[in-house]
Amino acid sequence: MAFLVATTLFLFGQLLLCFSQQVRGVNYTFMREAVEAPVMAYYDYIIIGGGTAGCPLAATLSERYRVLLLERGGSPYDDARVLNMTHFADVLADTSGASPSQRFVSEDGVINARPRVLGGGSCINAGFFTRAGPGYVRALGWDPKEVVSAYQWVEDVVAFQPELGPWQAALRRGLLEIGVVPDNGFTYDHILGTKVGGSIFDAQGRRHTAADLLRYSRPDGIDVFLRARVARIVFSRKGTKPVARGVLYHDARGGSHMAYLNHGARNEIILSAGALGSPQLLMLSGVGPADHLEEFGISLVLDHPGVGQGMSDNPMNAIYVPSPSPVELSLIQVVGITRFGSYIEGASGSDWNSRTSGAAAAQVRSFGMFSPQTGQLATVPPKQRTPEAIARAVEAMRQVPDAALRGGFILEKVLGPQSTGRLALRNLDPDDNPTVSFNYFSHPDDLRRCAAGIATIERVIRSRAFSRFAYPNFAFPATINVTAEFPANLMRMRGGSDPRALEQFCRDTVMTIWHYHGGCQVGRVVDRDYRVLGIEALRVIDGSTFNASPGTNPQATVMMLGRYMGVKIQKERMIAEGSGIEP
C-alpha cells in the first residue's frame, strides 16, 4: 500500500513538474545570459544570430563539434506574449527596447519589424508554414532528398495541421469556386491551386519556434548566450586573403567578450543574423562597398560591393471585408497559389487581446496582424504613415461599434518580388537599424501581379461560397461609417476594376508581410555553399542570401536551410578530415 501511495505521489509530482515546465517554457541547461560568458573562449563554430536559421544550424553542428550561438535578444520562453497566438499583435506593437520585435521604417515609408529574440522571425510572425517549390530547390542546387529530410526534421517539432473555422473554410471554398484550382487539401508542399498550409501554432494556439529546435542539441557541444550584441568579426590574413578568426561581443551590462575559433582549417564563423543584421555586421566588420565604409571611418577588410544590395520585400495589399456573421480568430491558414504570380490568403477576427468588457476592452481593440498598433496602416500612402496617423487610427478603433470590427482581411502578396533596393549603414551602432529601401512596385511585373491579385480578391468576396461573410454588393453598414479614420481598406476604389486604378491602389496601400530578404545574395556575396566570396572561414546562412522568397512563406525554408547546411558541413568535414584533405 505504501508503495502504491509513493508511486502515485511520484507520478503526480512528475505530472506537476512537466506542467510547470510547459508553463514556464524551456530552460535549456546550455542557455545563459551573456553577462555569464567568459571574457575569452574558443569554439569550432561561432554562429552570430540565434534566429530562424541559426537555431537549427547550431543544434545540428553541436552533434559533433563545439558551437557558440550568440543571440542579441532574450528567450521566447520568458515572454508569454510570444507563445500565445492571441497576443500576436501585442508583440509587434511593443516598441520598447526590450521588445522581441524591433520596429523599423524603410526608406519607402512602410513600417516593418525585425526580430530581437531567440528563435528570430518564427517568434513574431503569423505562423504559416509551407515549403519551397521544386523549381526553387533546383535553382539553388540543393539535394532534393536532403532537403525533404531537413524539412521533416523541422516539421516534427514545430509544424501542425490547422483546423479551419467557418471563415477560413469559406475563403478556401471561394478560391476554388472562382478557379484557383486544383484543391490540394492540406499540404506543406508549394503547388498551384488552393491548399491548407501548416502552422507553427498548435491546436491550443501555442506558438512553436525555431528555438524549440535547440532540443536537438548535444548539451555538452553548445553554449547559447542571450543579449549578446556582436560588435564585429575579427580577421587575420593568409597572404592577402582575409580569414575570419573571432567575434567581439558585448553583454547587457556593456562588458566585452571575445570568442575565437579553435585551431583547425575547417572551423568557421557563420553569420545568421537575418536580412538586415547579416549585411549590417559585414559592413561594420569592414566587408562591404569600400566608399560606403570609408564614409564611416571603418577600416576596409575587403571591398565587397554586393553587400547590402538586392534587398526585397514581398509587397502585401489587403482588403477588409466586414461580416454580417460572427467570425473566428485566425491567422494565415489557407492560400490560393495563382498562375499569374499572386498569392491569396486571409486572416479573420478582431479584439485579439481583449478578455474583458467595456472600457478596458476598448483600450486593446485591434485587427490582429492588420492593426495600426503594429504599423500596418494602409489607409494612407506609405510616406504619410506617421506616428500621428497611427495614433489617429488607434483612436478611431476605440470609437467604432463592435459590428465594425467583425470581419476579416483577404490579402494578396506578390511572387518574388522583382523590385529591389539596398541596405546601408545609418551609424556604427549594431543595435540600431540600418537604412533600407525595397522600392516596392518599381518593377512593372510586381505591379501587374498585385492588380490581378486585388481583382481576384474581389471575385472571392462576390463568390457564393463566401456570401455568409460579406454584405451584398460590399454595402458597408451605416453604423460603421462613424469616422473617416476607420483604419481598414474597403472595396472603394475609384474606377472599379480598371487596371490603372488597381495599380494605384497597390502603390497607396502597400504593407509588409515581413518576408524581406537579400543583402548577402548567392552569387553576389556568397557562393552556393554560402561561403563569403574572397574570405576564408566565414559563411552567411539565412534569408539574406535569398534572391527571391521561397514558396508563399519563407520561414519553413529558412529553418530547413539551417538544418540542411549543418548536415552538409558535417558530412563534408568528416569526409575531408578522414582523407586528410585540406579545404
Gln555 side chain vs Phe128 backbone, donor-acceptor pair below 3.5 Å: yes
Salt bridge flag under 4.0 Å for residues Arg131 and Asp189: yes
Contact summary for Asp446 and Leu415, nearest pair of heavy atoms: OD1-O, 4.2 Å
Note: Arg462-Glu458 ion pair, threshold 4.0 Å (strictly below): yes
Minimum heavy-atom distance Met511-Ala318, with the two atoms named: CE-CB, 3.9 Å
Results of disulfide bond (SG atoms under 2.5 Å apart) for Cys506 - residues two or more places apart only: Cys450
Under 3.5 Å donor-acceptor, Lys413 side chain and His515 backbone: no
Flag, side chain of Thr545 to backbone of Asp542, donor-acceptor distance under 3.5 Å: yes
Pair Tyr516 and Phe104, ring centroids less than 6.0 Å apart: yes
Trace of the side-chain hydrogen bond (donor to acceptor under 3.5 Å, both in side chains) decision for Gln102 with Arg72: CA-CA 11 Å; Gln102 182 175 351; Arg72 72 189 187 113; 2.8 Å; yes
SB check Asp94 Arg81 (cutoff 4.0 Å): yes
Pairs where residues 322-346 contributes a residue and the test ring-ring contact (aromatic ring centres under 6.0 Å, His included) is met, not counting sequence neighbours: His190-Tyr343
From CA spacing to verdict: side-chain hydrogen bond (donor to acceptor under 3.5 Å, both in side chains), Glu388, Thr386: CA-CA 5 Å; Glu388 293 76 18; Thr386 62; 3.3 Å; yes
Salt bridge flag under 4.0 Å for residues Asp183 and Arg172: yes
Closest approach of Pro162 to Gln333 (non-hydrogen atoms, all atoms of both residues): CB-NE2, 3.7 Å
is_close_aromatic(Tyr188, Phe129), centroid dist under 6.0 Å: yes
Donor-acceptor contact below 3.5 Å, side chain Ser419 vs main chain Ser442: yes
Pair Asn433, Arg114: side-chain N/O donor-acceptor within cut-off below 3.5 Å: yes
Side-chain heavy-atom pair Ile410, Leu171 within 4.5 angstrom cut-off: yes
Ser323 and Tyr471 side chains, donor-acceptor separation under 3.5 Å: no
Check: Arg563 side chain, Ala150 main-chain N or O, donor-acceptor pair, under 3.5 Å: no
Verdict with supporting geometry, His208 and Phe201, ring pair (Phe, Tyr, Trp, His ring centres under 6.0 Å): CA-CA 6 Å; His208 297 257; Phe201 292 104; 8.8 Å; no
Distance-only polar pair, side chains of Asn547 and Gln521, donor-acceptor under 3.5 Å: yes
Check: Arg468 main-chain N/O paired with Ser325 side-chain donor or acceptor under 3.5 Å: yes
Polar side-chain atom of Ser437 near backbone of Asn439 as donor-acceptor pair, under 3.5 Å: no
Shortest non-hydrogen separation from Arg103 to Ile111 and the atoms involved: CD-CG2, 3.7 Å
